[in-house]
Amino acid sequence: MTVLGQAAMGQHPLTQRISDKLTDLQATGLLRQRHVSATKPHATIDFSHNDYLGLAHEPALAQALYVGALQYGVGSRASPLVSGYNQAHLTLEQRLCELTGHQACMLFSSGFSANSALMKTLFSKDDTIIADKLVHASVIDGLKDSGSNIRRFLHNDASSAARLIEANPHTAVVTESVFSMDGDIAPIAELSRLCQQHDCWLIVDDAHGFGVLPSTFVNADNVDIQVVTFGKALGCQGAAILASKNVIDYLVATSREYIYSTALSPANAQLALAAINWQQTHSQLLTQLTANIALFRQVAQQHKLAITASMTAIQPIMVGDNHRVIAIAEQLKQQGFLVGAIRSPTVPKGQARLRITLNAQHQASDIVALVSAVALLIHQHDDSKISKISSISTTISR
Ligand SMILES: Cc1ncc(COP(=O)(O)O)c(C=O)c1O
């Protein structure tokens, strides 16, 4: 339509629709916006990211990225099946196979595309796929795109999974190792046993476990397909699917995300390899992270904060309502603490939370100061709803 026509008929329907939706999002506290983060966030104490070991600012890794870029160029310049796949990718894939025991591997630029590619390429409308209620949005999107029939079991509930598996043998079960919003750990051993008994594949999104949980927790011995990401505990970027040679051959040949996308840059592949090696040779980082988690939980309990049973670096503090969590996160920011404000629909309604992520670089004094600040703010806000949500049941899906 011409500009003249538009003016005559009023606003374009798409402009009107978007503006109405923005108004709704604002009213429900869901108008998510970007904020420019500090380059090296010294001014704030950052409890919001997933760089659990603090590798993103490690100079030795910056050097690895630089050397990779000098050697291979700053980008891969093509998709993997054209000419974007080279020795740096192959070496990283081989190292990942060696660490996890899987036969083969393929790399992606993000965990989101790895998960959605995997789901939509492997499955079709003839399949019934069994998934934990809280699996990541990328898994859900991929499953929806696949057209498969999705059956969800209660979060981390092996008996609920068992009922679905018994009713639907010879299929696939999908879960995460560490759940991104709750920080709790999946019952992998039980799910693996059930899958073996009923001839199901177990697929695990290991985004938040890889690099921080022992490698025996999720590997080729107990899962059929494992997705690892490099943007969390490795502090860099990218992801990999690990599986049997046949599965990877099939995905390489047919996954549209893989075939029609520029490959992960070789410098980033080299960086991820360096980060794996760094993490393996600096075990004190994991020890420090574990100590920081224990300290956080101890102080939060002293302050009677509504924390969950999570024993990982992801430590939610339940706040309840979307508006309240944003207000508290904003006040924390003004006091110099960056934390994630997680609202519905990312988490179930009424379970908005501060998502505190701990890392190996936090000082004990930072942790104590954060918890005291949160406690003060929460107690200042109307706390009538907090008691209701302190015994949460995370059963609603994203
Ligand atoms: C459980 C889980 N899987 C997959 C992803 C996607 O990984 P990436 O950030 O590499 O796209 C995320 C990221 O938030 C995640 O939390």
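Counting starts at 1 for both ligands and their atoms, following the listed order. Note that the structure is a prediction, hence the values are computed from the model and not measured. Keep in mind that the numbers below use all heavy atoms, side chains included, and drop hydrogens, waters and symmetry copies.
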| request: Check V218 against Q226 and note the closest heavy-atom contact, atom names and distance. | output: O-NE2, 3.3 Å

| Sidechain-backbone polar pair: N168 side chain, L164 backbone, donor-acceptor under 3.5 Å | yes

| message | Which heavy atom of L191 sits nearest to which heavy atom of A161, and what is that distance? | response | CD2-CB, 3.7 Å

| field | Min N/O separation G238 to ligand 1 under 3.5 Å | value | no

| query | Is it the side chain, the backbone, both or neither of S110 that has a heavy atom closer than 4.0 Å to ligand 1? | reply | both

| message | Less than 3.5 Å apart, any donor N or O on the side chain of Q279 or Y52 sitting next to an acceptor on the other? | response | no

| said: Does only the side chain of N115 get under 4.0 Å from ligand 1, or the backbone, or both, or neither? Count heavy atoms. | reply: side chain

| task | Show which atoms of ligand 1 fall inside a sub-4.0 Å distance from at least one heavy-atom site of S180. | result | 16 (O)

| query | So, is A207 polar-close to ligand 1, with some N/O to N/O distance under 3.5 Å? | reply | no

| Looking at D205, which atoms of ligand 1 are within less than 4.0 Å of one of its heavy atoms? | 1 (C), 2 (C), 3 (N), 4 (C)

| request: May I ask whether Q237 places a heavy atom under 4.0 Å from ligand 1? | output: no

| field | Distance-only donor-acceptor check, side chains T290 and T287, under 3.5 Å | value | no

| query | What are the atoms of ligand 1, with element, lying closer than 4.0 Å to any heavy atom of G111? | reply | 6 (C), 7 (O), 8 (P), 10 (O), 11 (O)

| If you measure every N/O of H208 against every N/O of ligand 1, is any gap under 3.5 Å? | yes

| Can an N or O of T229 be found at a distance shorter than 3.5 Å from an N or O of ligand 1? | no

| query | Which atoms of ligand 1 are found less than 4.0 Å from any heavy atom of E176? | reply | 1 (C)

| Nearest heavy-atom neighbours spanning Y258 and P80 | O-CD, 3.3 Å

| query | Under 30°, 30 to 60°, or over 60°: which ring-plane class applies to F337 and F47, parallel, tilted or perpendicular? | reply | tilted

| Would you say F112 and F230 are hydrophobically clustered, going by side-chain heavy atoms of ILVMFWY under 4.5 Å? | no

